[in-house]
**Q** 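My questions all concern the structure below.
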Amino acid sequence: MTDSSALARHIDDVALIDQHVHGCWVAAGDKRRFENALNEGNTEPLADFDSGFDSQLGFALRTHCSPLLGLPKHVDPQRYWERRSQLGEAELARLFLPAAKVSDWLVDTGIGAETTDVPALADLSGNRTHEVVRLEQVAEQAARMSGDYASAFEEILWRRAATAVGTKSILAYRGGFAGDLTEPPASQVAEAASRWRDGGGTRLRDRVLLRFGLHQALRLGKPLQFHVGFGDRDCDLYQANPLLLLDFLRQSADTPIVLLHCYPYEREAGYLAQAFNNVYLDGGLSVNHLGARAPAFIARLLETAPFHKILYSSDGFGPAELHFLGATLWRRGIHRVLAEFVANGDWSENDAVRVVDLIAHGNAARIYRI
Amino acid sequence: MTDSSALARHIDDVALIDQHVHGCWVAAGDKRRFENALNEGNTEPLADFDSGFDSQLGFALRTHCSPLLGLPKHVDPQRYWERRSQLGEAELARLFLPAAKVSDWLVDTGIGAETTDVPALADLSGNRTHEVVRLEQVAEQAARMSGDYASAFEEILWRRAATAVGTKSILAYRGGFAGDLTEPPASQVAEAASRWRDGGGTRLRDRVLLRFGLHQALRLGKPLQFHVGFGDRDCDLYQANPLLLLDFLRQSADTPIVLLHCYPYEREAGYLAQAFNNVYLDGGLSVNHLGARAPAFIARLLETAPFHKILYSSDGFGPAELHFLGATLWRRGIHRVLAEFVANGDWSENDAVRVVDLIAHGNAARIYRI
Amino acid sequence: MTDSSALARHIDDVALIDQHVHGCWVAAGDKRRFENALNEGNTEPLADFDSGFDSQLGFALRTHCSPLLGLPKHVDPQRYWERRSQLGEAELARLFLPAAKVSDWLVDTGIGAETTDVPALADLSGNRTHEVVRLEQVAEQAARMSGDYASAFEEILWRRAATAVGTKSILAYRGGFAGDLTEPPASQVAEAASRWRDGGGTRLRDRVLLRFGLHQALRLGKPLQFHVGFGDRDCDLYQANPLLLLDFLRQSADTPIVLLHCYPYEREAGYLAQAFNNVYLDGGLSVNHLGARAPAFIARLLETAPFHKILYSSDGFGPAELHFLGATLWRRGIHRVLAEFVANGDWSENDAVRVVDLIAHGNAARIYRI
């Protein structure tokens, strides 16, 4: 940003709480792994004609990550890849993670055998880290225990959550939001668990057990994150519209519910954040994939959602570039949007600075108590 | 607006027909009432951490309403509240209503025991007022009558509508738009009315009676307004998508149908306005809640809807600021959008002025015959 | 464009493959025919108060087509019509078609008794033309044959497709995308065909036969186009959301699937283009109807879709102006969007030029093998 205003300087420097992120890769991989990591939606290997770089994310990466590798902006994909390959994943992480100017990473540990665990992310970044416990993983752990499923689930959840800051659900990937999301009776839970265990107890898709897990998480009282909208194609985007959560939200009382990613439903999510005292949203993942178009998306996040309901995250996963790029694109985007509000006389610069602080870290610090 | 073009001056001065509005508060209230009035979606008291002011609407109010109270733009919420409290609601109305430069207010009288009636709004504003009759209120009046429900409904509707300019339906709050919206047979109406009367005859949610009311309104021939999209959370936003009205619109013949608010379905509503000779839309309520983001929304209202199908309203309700702010944000927003069209050479300035007149009052004057 | 950058010059001159278009009118018609052609959604004659010109498309036509007729920009509708009437449709076509700077027109021949056939379009434009075969038309041809329906369909499809570049489905107009789209068993096809033939064999709406046709087209391997989103009101826009195609896309293997028009679902379509190696999208039809608002739409097409998955088309049909206007608005829009990316430092100019080439012709040349 060449803008030297107080707002621009503040946005450049403000410390972020990245409220939803994963680990970085731990071991070197080939070019195809890297290219596939630039595409979120596809679950198959990219087509031959697809370098993975020909996307907003690919262009943004070449623009904003190249300088940290000593390369010119917009460097071509091949040179980027060659330079990246000269460094190990750990070295890349030590370069990109601190450059994100994040104070705290909230790490969803539910996936990623090939990625860093929570302590390693703290070590590589030099920042604080906190765990977010994935409910479907807790369920699979409970399925492997003997004895009563519900008790096992509850025991594991409370034990793991004791040192975690929140929970996460990928219901969007396991049938979506439509349908009954009330708490099932104990007898149904026992039956469903028995059926699931008999079938192997992996990749939970049973609605009764998914609903059971959500209501256990509500009871915990710590923020419950939902994957919403944009993801890989295992997630039926039609069924990942947050408006379908309405009945569930009506039952959610005071437990903070955080709607993640949200594209292309960010306006619907913003509405829910206004309609419920306990509903929050962020635009993680989407911001990275939108690249040069991220400002338009960030602007829509600032429509009907109250400003104390909007959070920052990158949803970085795999290449350490994504942890950095999320922060960089967010800083650029929020600056573009708020500087225009100020220039038009709609907002004061002081108000803009205050909203930046709320989204960057204030709201997350409040709900995650960090 | 510092723009001194003919377009800018025209927009500043053009008289508006506010085609969907409610009364202003009549009696003084506490700070919490005011803050809650800044949130549309929530049906519960705001959370402790929520001042109500930390939203686009709150910021827009501090920016654009403060000068009318002798305060600097962007004044802090506490000072705004204190200054506001020094004046009574009537005095506030006498300040804000005329400043909206509205010639005619079309008042939905279906809610608001605490707000001004139609004559009082005329008196406080110094403008003409007209009534819009809410169908669900007519139903509740008919339920309290003895004898045949259908006849009672029809009698009340025609009597009240004789001095009104149109009708309004809040079907979106009573189960939404999905499902059969054909006219029910008389026998079903009688049965449903009997059941409803036996149950107390309040808060109509019976689909048969709701459908009956809509078709009576069609017969009346005066414009029929629908709440569409964004509202409080009693309205399931998923079921308030105007595309779900398609079959009903196919039955609606020549009676003008006006889709109100429409966020986040304004593009869908605009399409319907192109697809049906008798369908109209406005962006009332949404414009207020979008504040600095209103121009982007107003621009989308100007996509596929023909320009003789777009109307202006504020949907002001409660604080008199909202009646004024709707007009102010609309003037600023339409100016931003149209001035850009003209600057880019896409539209002539004359065309822009003509479209302003159509939306500001021309279209409303035509369909409401005022 | 007054911008003299390399990007602006490149966009002005780049040759387009118009990958979805229809013929131009062949015979003179009255003013009402022309005005109705400016409205896509309405299936009835326009209302008396509606000139057809009071829309983004009407304004864009007066702005960008007038100079080719020797008229000033923004000329009033009556003068435009009078000047247009002095020329025959063939003369208009010879004026507007070459001005679009298209190298190849891919012509959907499924409708339009009143419009030019493929050779005539080649003649009038001086460009290459290629046929796209409409599946529902093949079905109606097969219904008129004697003997086994499935064999007849297959025979006609393969014969016609031998000289065509792809196929097209208007499933959106025949019940929409929701529901089962798997391949039906042969016995069901035979039964359904028999029922349909008995009923006259026109305007196919039978789901079994529609599904059968889609899977035959997949087998052909040439690109299969789908009408998506915005169209006339016979198409239920709610059921034309491309996300409802998810299960079908999962079955579509390598056959390119091209999502046409897409408004207001262009973000959903872009997501599908990222999620499936074989899914493509364009914004034809929509760009014309959005006029001055087309840049915002074109920008959204450039969100999550990889850049080798986006195509150009006009969907021109009837007035030759539409074939030209689609190209003009696309050039203006893509310039506005990409010039801003470059000016902000998000993209290099070289990257922008390369993406223009991909969308303008590169991607279409690859998938249609022309």
Side-chain angles (χ1 to χ4, degrees), chain A residues 177-178 238 241-247 249-250 253-254 256 264-280 295-296 298-310 337-338 340-352 354-355 358-359 362-363 366-367, chain B residues 1-2 38-60 62-64 72-77 176 229-241 263-266 285-286 288-297 300 329 332-333 335-336:
Chain A
F177 299 151
Y238 196 81
N241 182 332
L243 295 180
L244 295 168
L245 288 172
L246 182 65
D247 282 335
L249 297 176
R250 285 174 173 154
D254 295 332
Y265 304 117
E266 69 278 1
R267 300 199 294 164
E268 287 83 348
Y271 163 76
L272 293 171
Q274 176 178 135
F276 290 90
N277 283 321
N278 64 319
V279 174
Y280 295 78
I298 291 170
R300 288 192 297 267
L301 290 175
L302 292 166
E303 295 195 344
T304 59
F307 304 134
H308 47 267
K309 295 303 212 54
I310 309 171
V337 173
L338 299 193
E340 193 189 318
F341 291 168
V342 172
N344 289 331
D346 290 318
W347 287 26
S348 73
E349 191 174 53
N350 281 346
D351 280 329
R354 197 165 59 81
V355 169
L358 286 172
I359 302 175
N363 295 329
R366 188 180 76 246
I367 67 169
Chain B
M1 287 175 260
T2 54
L38 304 182
N39 181 312
E40 177 71 19
N42 208 336
T43 50
E44 295 186 348
L46 295 178
D48 290 341
F49 59 77
D50 186 352
S51 80
F53 276 97
D54 276 343
S55 61
Q56 289 285 7
L57 172 54
F59 280 30
R62 290 167 44 226
T63 301
H64 302 298
K73 286 176 89 170
H74 316 302
V75 69
D76 69 272
F230 182 50
D232 77 48
R233 76 194 206 209
D234 279 350
C235 166
D236 180 348
L237 192 52
Y238 195 81
Q239 302 290 344
N241 182 332
Y263 184 91
Y265 303 117
E266 68 279 359
L285 180 65
S286 311
N288 263 344
H289 283 272
L290 292 168
R293 285 287 299 164
F297 174 73
R300 287 192 299 267
L329 290 172
R332 289 174 62 86
H335 175 262
R336 181 95 57 85

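What's counted below: heavy atoms across the whole structure, side chains too, no hydrogens, waters or symmetry copies.
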**Q** Distance from B:Leu237 atom CG to B:Tyr265 atom OH, nearest 0.5 Å?
**A**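 B:Leu237 CG to B:Tyr265 OH: 4.0 Å, rounded to 0.5 Å.
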**Q** Which answer fits B:Asp232, side chain, backbone, both or neither, if we ask what part of it has an atom under 4.5 Å from a heavy atom of chain A?
**A**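 For B:Asp232, the contact with chain A is made by the backbone alone.
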**Q** Can you tell me if A:Glu340 and A:Trp347 form a side-chain donor-acceptor pair at under 3.5 Å?
**A**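 On atom types as modelled, these side chains do not qualify, holding no pair under 3.5 Å.
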**Q** Name the option with the most non-hydrogen atom pairs under 4.5 Å to chain A; the candidates are B:Leu46, B:Asp54, B:Thr63.
**A**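 Result: the option with the highest number of such pairs is B:Asp54.
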**Q** Measure the CG-CD distance between B:Asn288 and B:Gln56 for me, rounded to the nearest 0.5 Å.
**A**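 B:Asn288 atom CG to B:Gln56 atom CD measures 12.0 Å (nearest 0.5 Å).
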**Q** Any luck finding a side-chain donor-acceptor pair between B:Asp50 and A:Asn277 under 3.5 Å?
**A**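 There is no such pair between these side chains.
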**Q** Contact part of B:Glu40 toward chain A, heavy-atom cut-off under 4.5 Å: side chain, backbone, both or neither?
**A**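 Both the backbone and the side chain of B:Glu40 come within 4.5 Å of chain A.
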**Q** Going by distance alone, is a donor N or O of one side chain under 3.5 Å from an acceptor N or O of the other, for A:Glu303 and B:Tyr263?
**A**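 Distance-only check passes for A:Glu303 and B:Tyr263.
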**Q** What residues, two or more places apart in sequence or in another chain, satisfy ring pair (Phe, Tyr, Trp, His ring centres under 6.0 Å) together with A:His308?
**A**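 With neighbours one apart ignored, the set is B:Phe49.
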**Q** Could you state the interatomic distance from CD (A:Gln274) to CZ (B:Arg233), rounded to the nearest 0.5 Å?
**A**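 These two atoms lie 11.5 Å from each other.
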**Q** Under a 4.5 Å heavy-atom cut-off, does chain A meet the side chain of B:Asp234, its backbone, both or neither?
**A**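 Only the backbone of B:Asp234 comes within 4.5 Å of chain A.
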**Q** Is A:Val337 close to chain B through its backbone or its side chain, or both, or neither, when contacts mean heavy atoms under 4.5 Å?
**A**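 Nothing of A:Val337, per the 4.5 Å heavy-atom cut-off to chain B.
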**Q** Answer with side chain, backbone, both or neither: which region of A:Phe276 has an atom nearer than 4.5 Å to a non-hydrogen atom of chain B?
**A**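 For A:Phe276, backbone and side chain are both near chain B.
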**Q** Let me know if A:Asn344 has heavy atoms under 4.5 Å from chain B in its side chain, its backbone, both or neither.
**A**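 When you check distances to chain B, atoms from both the backbone and side chain of A:Asn344 fall under 4.5 Å.
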**Q** Pick one of side chain, backbone, both or neither for A:Leu249, based on which atoms fall under 4.5 Å of a heavy atom in chain B.
**A**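 For A:Leu249, neither part sits under 4.5 Å from chain B.
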**Q** Using non-hydrogen atoms only, which part of A:Arg300 is less than 4.5 Å away from chain B: side chain, backbone, both, or neither?
**A**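 Contact with chain B is through both the backbone and side chain of A:Arg300.
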**Q** Side chain, backbone, both or neither: which part of B:Ala292 has a heavy atom under 4.5 Å from chain A?
**A**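 Both backbone and side chain of B:Ala292 come within 4.5 Å of chain A.
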